[in-house]
S.K.: 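Quick one: the structure is below, questions incoming.
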Amino acid sequence: MRRPLKLTSALFACGVLFASLTAAVPAEAAAISCGDTDLPVTGPGLPPLVPGAPAVVHGRLCLPAGAAPDTVQLLVHGGTYNSAYWDLPYEPARYSYQRDMAAHGYATFAADQLGAGRSSRPLSLPLSAWAAAESMHEVVGHLRAGRAGGVRFAKVVIVGHSVGSGIVAVEASTYHDVDGVVLTGITHLPALPVLALGAALGLQPALLDGRLGTLGSDPLYFTTKPGARAGLFYAAGDADPAVIAADEATKDQVSVPGMGTVALFGIVLPATWGITAPVFQVVGEKDALFCGVLALRDCSDAAVLRAQEAPYYTDPSKLSMYVLPGAGHSVALHENANEYRNATRSWLHDRLGIAPQGYHSIGRN
């Protein structure tokens with residue numbers, strides 16, 4: 001009788017172990033969901049002579065496993081990028097902002113700005129900061145109304161990068177329709193000599209590009225020259241060459257008139273004075289475009305940088321600052337980008353009271 005008892009006990013123990021393992025699987029292996037959608041917006045015009053024509057903003061909504069959160073981050077990429085900036089097709093567990101946020105319980109919608117990605121490509125001349133901001137304002141409305149993925153989001157936090165941060169500043173200060181603002185890759189005093197040299201040596205009309213030239217864009221759409229992105233957007237020692245290659249392979253175009261209005265009215269003048277929502281500003285410590293002596297900005301210390309940036313906000317108490325150590329301009333694509341994402345999640349939770357839906361690991365962070 002002892003042998004059957006031992007056998008029964010062993011089988012019972014195995015059963016308990018198996019049950020405990022299978023019970024843990026859903027939390028660990030639960031799949032996030034990402035889906036693409038097109039949203040109608042108003043395209044740029046030349047008022048009062050030429051009204052804006054109907055246009056489409058393409059975007060990707062990523063949701064965590066389980067019930068959908070009530071908050072979404074609207075992600076607005078920078079110039080010569082598209083929504084792939086937020087979901088790079090290389091080591092997504094390490095470099096995809098969208099998939100990492102979803103894995104940690106946060107919803108995101110990465111939009112292709114007008115003129116880029118799979119969104120409408122209007123003429124570049126009227127594609128100003130205000131036209132781009134209006135289209136993002138309309139996307140905010142769509143997200144709240146449940147027109148992306150059928151989810152009605154009660155809160156929208158708008159997140160920008162570089163030129164996209166300038167557009168985000170114009171949008172938030174004009175429409176006051178978002179609950180929080182994240183500005184990355186931006187300070188209010190860019191390093192003008194570096195920007196001028198970078199534009200002169202690193203940019204060219206998109207129609208001259210081997211891949212983007214097939215789009216048939218007008219001559220005032222520009223992109224980066226082959227090989228220029230490493231020096232403009234990355235810091236040596238904190239960047240994977242394979243990431244830079246993936247960045248080059250997915251690069252896009254930007255309207256030069258639009259970029260000019262963003263630089264002047266979205267960043268330098270600036271639009272941030274009109275923002276009433278809490279702001280989280282993020283820069284890379286070694287961002288050559290917005291930091292250093294030529295920008296009169298000390299990006300080695302978040303407290304010092306916050307003091308330098310605070311005068312550009314009506315209510316400085318709503319400004320939080322984060323510096324990503326060792327990183328260049330494109331903070332989301334550096335090797336330690338997980339630190340920036342963690343800092344963003346902490347700000348969302350601590351400053352806005354936005355808790356994650358749940359945590360589901362997707363691998364290396």
S.K.: Within a strict 4.5 Å, meaning less than it, do heavy atoms of the Val243 and Tyr234 side chains meet?
M.R.: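 SC-SC contact between Val243 and Tyr234 confirmed.
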S.K.: Residues two or more places apart in sequence or in another chain: which of them pass ring-ring contact (aromatic ring centres under 6.0 Å, His included) with Tyr85?
M.R.: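 ring-ring contact (aromatic ring centres under 6.0 Å, His included) check on Tyr85 returns Tyr81, His161.
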S.K.: Quick one: list whatever passes ring-ring contact (aromatic ring centres under 6.0 Å, His included) with Tyr90, sequence neighbours left out.
M.R.: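 Not a single residue meets the ring-ring contact (aromatic ring centres under 6.0 Å, His included) criterion with Tyr90.
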S.K.: How many angstroms lie between CD in Gln98 and OG in Ser83, if you round to the nearest 0.5 Å?
M.R.: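 So the gap between those two atoms works out to 7.0 Å.
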S.K.: Taking everything shown except His176 itself, do over 12 heavy atoms lie less than 6.0 Å from its NE2?
M.R.: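 Atom NE2 in His176 is packed in, count exceeds 12.
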S.K.: Report yes or no: do Arg341 and Asn338 form a side-chain donor-acceptor pair below 3.5 Å?
M.R.: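 No, because no side-chain N or O of Arg341 sits under 3.5 Å from a partner of the opposite role on Asn338.
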S.K.: Between Val182 and Val156, is there a shared hydrophobic cluster once you connect ILVMFWY residues whose side-chain heavy atoms come closer than 4.5 Å?
M.R.: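 Val182 and Val156: one cluster.
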S.K.: If we count only N and O atoms by modelled type, under 3.5 Å, do the side chains of Asp287 and His329 hold a donor and an acceptor together?
M.R.: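 A donor-acceptor contact under 3.5 Å links the two side chains.
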S.K.: Say whether, by atom type as modelled, one donor and one acceptor occur between the side chain of Tyr106 and the main chain of Ile354 under 3.5 angstrom.
M.R.: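 Checked: pair present.
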S.K.: Take His334 and Asp238 through the side-chain hydrogen bond (donor to acceptor under 3.5 Å, both in side chains) test and state the conclusion after the steps.
M.R.: CA-CA 6 Å; His334 281 72; Asp238 192 23; 4.8 Å; no
S.K.: List the residues meeting salt bridge (Lys or Arg N to Asp or Glu O under 4.0 Å) with Asp247, not counting sequence neighbours, and say none if there are none.
M.R.: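 Asp247 satisfies salt bridge (Lys or Arg N to Asp or Glu O under 4.0 Å) with Arg229 once adjacent residues are dropped.
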S.K.: Not counting sequence neighbours, list each pair that qualifies as a disulfide bond (SG atoms under 2.5 Å apart) and has a residue in residues 197-312.
M.R.: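 As it turns out, the disulfide bond (SG atoms under 2.5 Å apart) pairs with a partner in residues 197-312, which skip direct neighbours, are Cys291-Cys299.
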S.K.: For Asp298, enumerate each residue passing the salt bridge (Lys or Arg N to Asp or Glu O under 4.0 Å) test, keeping only those at least two apart in sequence or located in another chain.
M.R.: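 Applying salt bridge (Lys or Arg N to Asp or Glu O under 4.0 Å) to Asp298 gives none.
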S.K.: Transitively linked via ILVMFWY side-chain contacts under 4.5 Å: Leu212 with Leu123?
M.R.: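 In one cluster with Leu212: Leu123, no.
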S.K.: Side chain to side chain contact (heavy atoms under 4.5 Å, CB included) between Lys225 and Leu203: does it pass, once the steps are laid out?
M.R.: CA-CA 5 Å; Lys225 294 179 180 179; Leu203 297 180; 6.0 Å; no
S.K.: Scan for disulfide bond (SG atoms under 2.5 Å apart) pairs involving residues 153-244, sequence neighbours excluded, and state none if there are none.
M.R.: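 Found none.
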S.K.: Sub-3.5 Å donor-acceptor pair from the side chain of Asp301 to the main-chain atoms of Val304, do we have one?
M.R.: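 Side chain of Asp301 to backbone of Val304: a pair is present.
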S.K.: Among all residues two or more places apart in sequence or in another chain, which pass the salt bridge (Lys or Arg N to Asp or Glu O under 4.0 Å) test with Arg144?
M.R.: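 Checked Arg144 against salt bridge (Lys or Arg N to Asp or Glu O under 4.0 Å); matches are Asp179.
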S.K.: Quick check on the hydrophobic clustering: are Ile158 and Tyr340 connected, directly or via other members, by side-chain heavy-atom contacts under 4.5 Å?
M.R.: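 The answer is yes; both residues are in one hydrophobic cluster.
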S.K.: Compare all side-chain heavy atoms of Ser162 with those of Thr184 and state whether any distance is below 4.5 angstrom.
M.R.: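 Side chain of Ser162 against side chain of Thr184, heavy atoms only: no contact under 4.5 Å found.
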S.K.: Determine whether Leu296 and Ile186 fall in the same hydrophobic cluster, where Ile, Leu, Val, Met, Phe, Trp and Tyr are linked whenever their side-chain heavy atoms lie under 4.5 Å apart.
M.R.: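 Yes.
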S.K.: How long is the span from the OG atom in Ser124 to the CG atom in Leu114, to the nearest 0.5 Å?
M.R.: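 If I round to the nearest 0.5 Å, the distance is 12.5 Å.
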S.K.: Whether the Thr42 and Glu138 side chains hold a donor-acceptor pair (N or O, under 3.5 Å, no angle test) is what I'd like checked.
M.R.: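 Side chains of Thr42 and Glu138: pair found under 3.5 Å.
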S.K.: Any carboxylate oxygen within less than 4.0 angstrom of a Lys/Arg side-chain nitrogen, looking at Arg94 and Asp100?
M.R.: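 Salt bridge: no.
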S.K.: So, the side chain of Thr174 versus the backbone of Glu171: is there a donor-acceptor pair under 3.5 Å, distance only?
M.R.: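 No: the side chain of Thr174 does not pair with the backbone of Glu171.
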S.K.: Tell me whether Leu189 is reachable from Val279 by hopping between hydrophobic residues (I, L, V, M, F, W, Y) whose side-chain heavy atoms are closer than 4.5 Å.
M.R.: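 Both belong to a single hydrophobic cluster.
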S.K.: Apply the test salt bridge (charged side-chain N to carboxylate O under 4.0 Å, His left out) to residues Arg60 and Asp36: give CA-CA distance (whole Å), side-chain angles for both, the deciding distance (0.1 Å), then the verdict.
M.R.: CA-CA 4 Å; Arg60 173 168 294 172; Asp36 291 6; 2.7 Å; yes
S.K.: Are the side chain of Thr223 and the backbone of Asp252 linked by a donor-acceptor contact shorter than 3.5 Å?
M.R.: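 Side chain of Thr223 to backbone of Asp252: a pair is present.
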S.K.: If you compare all heavy atoms of Pro316 against all heavy atoms of Ala310, which two are closest, and at what distance to 0.1 Å?
M.R.: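 So the two residues come closest at CG-O, 3.7 Å.
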S.K.: Heavy-atom distance under 4.5 Å between the side chains of Gln357 and His104, does that happen here?
M.R.: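 A side-chain contact under 4.5 Å is absent here.
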S.K.: Can any side-chain N or O of Arg211 pair as donor or acceptor with the backbone N or O of Ala249 at less than 3.5 Å?
M.R.: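 Checked: pair present.
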S.K.: Give, for atom CD1 of Ile167 and atom OG1 of Thr261, the distance between the pair rounded to the nearest 0.5 Å.
M.R.: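 Reported to 0.5 Å precision, the distance equals 8.0 Å.
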S.K.: Just how far is it from atom CZ of Arg118 to atom NE2 of His58, taken to the nearest 0.5 Å?
M.R.: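 Rounded to the nearest 0.5 Å, the CZ-NE2 separation comes to 3.5 Å.
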S.K.: Distance only, no hydrogens: is a donor on one side chain within 3.5 Å (strictly under) of an acceptor on the other, for Asn82 and His77?
M.R.: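 No, no side-chain donor-acceptor contact under 3.5 Å.
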S.K.: Name every donor-acceptor pair, under 3.5 Å, that has one atom in a side chain of residues 63-75 and the other anywhere in the protein, sequence neighbours excluded.
M.R.:
| from | atom 1 | to | atom 2 | distance (Å) |
| --- | --- | --- | --- | --- |
| Gln73 | OE1 | Tyr97 | OH | 2.6 |

S.K.: Is Val194 close to Phe290 at the side-chain level, that is, under 4.5 Å between some pair of heavy atoms?
M.R.: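 Phe290 vs Val194: side chains apart.
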S.K.: A side-chain contact here means heavy atoms from C-beta on lying under 4.5 Å apart; do Leu333 and Phe233 qualify?
M.R.: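 Heavy-atom side-chain distance check fails, nothing below 4.5 Å.
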S.K.: Met321 and Ala302: which non-hydrogen atoms are nearest, and at how many Å?
M.R.: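 Nearest pair, atom of Met321 first, then Ala302: CG-O, 3.5 Å.
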S.K.: Tell me, with the steps shown, if His188 and Gln308 meet side chain to side chain contact (heavy atoms under 4.5 Å, CB included).
M.R.: CA-CA 9 Å; His188 286 89; Gln308 294 173 333; over 6 Å; no
S.K.: Looking at residues at least two apart in the chain, or sitting in another chain, which of them share a ring-ring contact (aromatic ring centres under 6.0 Å, His included) with His137?
M.R.: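 Once residues adjacent in sequence are excluded, the partners of His137 under the ring-ring contact (aromatic ring centres under 6.0 Å, His included) criterion are Tyr175.
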S.K.: Could you check whether Glu285 and Ser300, counting side-chain N and O atoms only, form a donor-acceptor pair closer than 3.5 Å?
M.R.: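 Side chains of Ser300 and Glu285: no pair found under 3.5 Å.
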S.K.: So which residues get pulled into Phe265's cluster when ILVMFWY side chains under 4.5 Å apart are joined, directly or through others?
M.R.: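 Other cluster members: Trp130, Val170, Leu264, Leu269.
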S.K.: Any chance you could lay out the side chain to side chain contact (heavy atoms under 4.5 Å, CB included) test for Leu39 and Val56, step after step, and finish with the verdict?
M.R.: CA-CA 5 Å; Leu39 300 173; Val56 168; over 6 Å; no
S.K.: Would Leu88 and Thr250 count as a side chain to side chain contact (heavy atoms under 4.5 Å, CB included) here? Give the steps.
M.R.: CA-CA 8 Å; Leu88 194 73; Thr250 56; 4.2 Å; yes
S.K.: Assess the side chains of Ser96 and Asp87: does a donor N or O sit below 3.5 Å from an acceptor N or O?
M.R.: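 Yes, a side-chain donor-acceptor pair sits under 3.5 Å.
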S.K.: To the nearest 0.5 Å, what is the distance between OH (Tyr322) and OG (Ser346)?
M.R.: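 Between Tyr322 OH and Ser346 OG, I get 9.5 Å after rounding to 0.5 Å.
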S.K.: Between the side chains of Gln281 and Tyr313, does any donor sit under 3.5 Å from an acceptor?
M.R.: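 Their side chains do contain a donor-acceptor pair, which is all the 3.5 Å distance test asks for.
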S.K.: Got a sec, which residues hit salt bridge (Lys or Arg N to Asp or Glu O under 4.0 Å) with Asp209, two or more places apart in sequence or on another chain?
M.R.: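 For Asp209, the residues satisfying salt bridge (Lys or Arg N to Asp or Glu O under 4.0 Å) (neighbours in sequence not counted) are Lys251.
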S.K.: Checking Leu125 now: which residues fulfil side chain to side chain contact (heavy atoms under 4.5 Å, CB included) with it, not counting sequence neighbours?
M.R.: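 By the side chain to side chain contact (heavy atoms under 4.5 Å, CB included) rule, Leu125 matches Pro257.
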S.K.: With rounding to the nearest 0.5 Å, note down the distance linking CG in Leu183 to OG1 in Thr272.
M.R.: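 The CG atom of Leu183 sits 7.5 Å away from the OG1 atom of Thr272.
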S.K.: Should Gln253 and Ser217 be marked as a side-chain hydrogen bond (donor to acceptor under 3.5 Å, both in side chains) after you check the CA-CA gap, both sets of side-chain angles, and the distance that decides it?
M.R.: CA-CA 9 Å; Gln253 61 186 17; Ser217 301; 2.7 Å; yes
